[in-house]
Amino acid sequence: MERVPILKLGDILIVSIQIDLDDQSVLTLQEDLAETVVSRGARGVIIDITAVEIVDSFIGRMLSTIAAMTRMLDAETVVVGMRPAVAITLVELGLSLGGVRTALNLEKGVVMLEHARSAEG
Amino acid sequence: MSGQELPIATNGDVVLVRQKVRSVAAEIGLSLVDQTKIVTAASELARNVLVHAGGGRVEVEKVSTGLRPGLRLVFSDEGPGISDIAQAMTDGFTTGGGLGLGLSGSRRLVDEFDLVSAPGEGTRIMVTKWAR
């Protein structure tokens with residue numbers, strides 16, 4: 001099993017998925033992220049899937065779970081970098097990733113999180 | 001018949017199936033979107049074999065209708081089988097604790113989908129994606 005590194009930038013955690021994740025690695029990443037959000041006091045999480053060639057129902061569910069889980073831990077999750085072919089396939093598969101915020105790239109994801117925070121005051 | 005059989009016994013095997021399907025799909029000239037669809041379907045069906053039957057195998061085969069090349073995947077296992085196929089093919093129906101999109105979603109991602117199963121007799125699913 002491979003582990004996905006979690007980087008910290010200010011109060012944002014950045015996860016860039018660069019490997020073909022097996023299901024166990026997906027579950028480990030979910031747990032690692034929940035723990036890191038709390039231990040580092042993160043307010044935002046960015047999951048970069050630029051390098052991810054497919055998102056099947058298991059990985060799709062992971063994205064929804066992480067978004068819901070971090071929200072409960074007072075952090076907002078943004079998924080960035082989805083490939084067009086992945087978006088087309090996900091919709092056809094029947095997964096709309098409800099509740100998951102997305103941005104086109106890392107930069108826009110950071111801006112989105114900053115806006116969300118300044119709106120809170 | 002120029003098939004290659006891959007085992008599905010671990011989570012790692014599911015990843016290997018995805019990689020193999022991706023490389024053959026690219027080789028026969030499927031578009032990027034179609035490659036993504038067939039690899040995603042393969043991932044769903046391989047996981048089903050693992051979760052519901054504890055393991056099985058997939059045969060990855062290049063096929064042709066003369067002019068059009070295609071990719072055919074045959075997943076088979078000796079698991080418990082499916083008693084109500086219509087129900088199993090319904091969006092949201094699950095016995096594995098997942099989202100219930102594996103079978104129904106996979107069918108939407110491929111051009112041909114053929115499922116043969118009976119209780120106690122395992123399951124065999126054949127899917128085909130044709131180049132456009």
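Below, chains carry the letters A, B, ... as their sequence lines are ordered, and counting in each starts from 1.
One hydrophobic cluster, built from ILVMFWY side chains closer than 4.5 Å, holds both B:L99 and A:L63. Linking Ile, Leu, Val, Met, Phe, Trp and Tyr whenever their side-chain heavy atoms come within less than 4.5 Å puts A:M69 and A:L27 in one cluster. In this structure, B:V49 is not a member of the same hydrophobic cluster as B:M126, with clusters built from ILVMFWY side-chain heavy atoms closer than 4.5 Å. Follow the hydrophobic side-chain contacts under 4.5 Å out from A:V45 and you never reach A:L7; the two are in separate clusters. Cluster membership for B:M89 and B:I125, using ILVMFWY side-chain heavy atoms within less than 4.5 angstrom, is shared.
Both the backbone and the side chain of B:V15 have a heavy atom closer than 4.5 Å to some heavy atom of chain A. If you measure heavy-atom distances from A:L95 to chain B, the contacts under 4.5 Å come from both the backbone and the side chain.
Other residues, nucleotides and ligands place more than 12 heavy atoms under 6.0 Å from the CD atom of B:Q87. Atom CZ of A:R40 is surrounded by 12 or fewer heavy atoms from other residues, nucleotides or ligands within 6.0 Å.
In terms of heavy-atom pairs under 4.5 angstrom with chain A, the leader among B:R107, B:R47, B:R22, B:Q19 is B:R47.
Within the model, atoms CG of B:L32 and CD of A:E53 stand 8.5 Å from one another, a figure rounded to the nearest 0.5 Å. Separating the OG1 atom in B:T10 from the CD atom in A:Q24 is a distance of 11.5 Å, to the nearest 0.5 Å. With values rounded to the nearest 0.5 angstrom, B:S43 atom OG is found 8.0 Å from A:D20 atom CG. From B:N11, atom CG reaches atom CZ of A:F58 across 7.5 Å, with rounding to the nearest 0.5 Å. A distance of 7.5 Å separates CG of A:L90 from OG1 of B:T40, quoted to the nearest 0.5 Å.
The minimum heavy-atom distance linking B:T36 with A:I54 is given by the pair O-CG2, 3.9 Å.
Side-chain contact, A:S57 with B:E44: a donor N or O sits under 3.5 Å from an acceptor N or O.
Contact annotation: the side chain of A:L93 approaches that of B:L109 to within less than 4.5 Å [non-hydrogen atoms, C-beta and beyond]. Residues A:I88 and B:K37 have side chains in contact (heavy-atom distance under 4.5 Å, counting atoms from C-beta outward).
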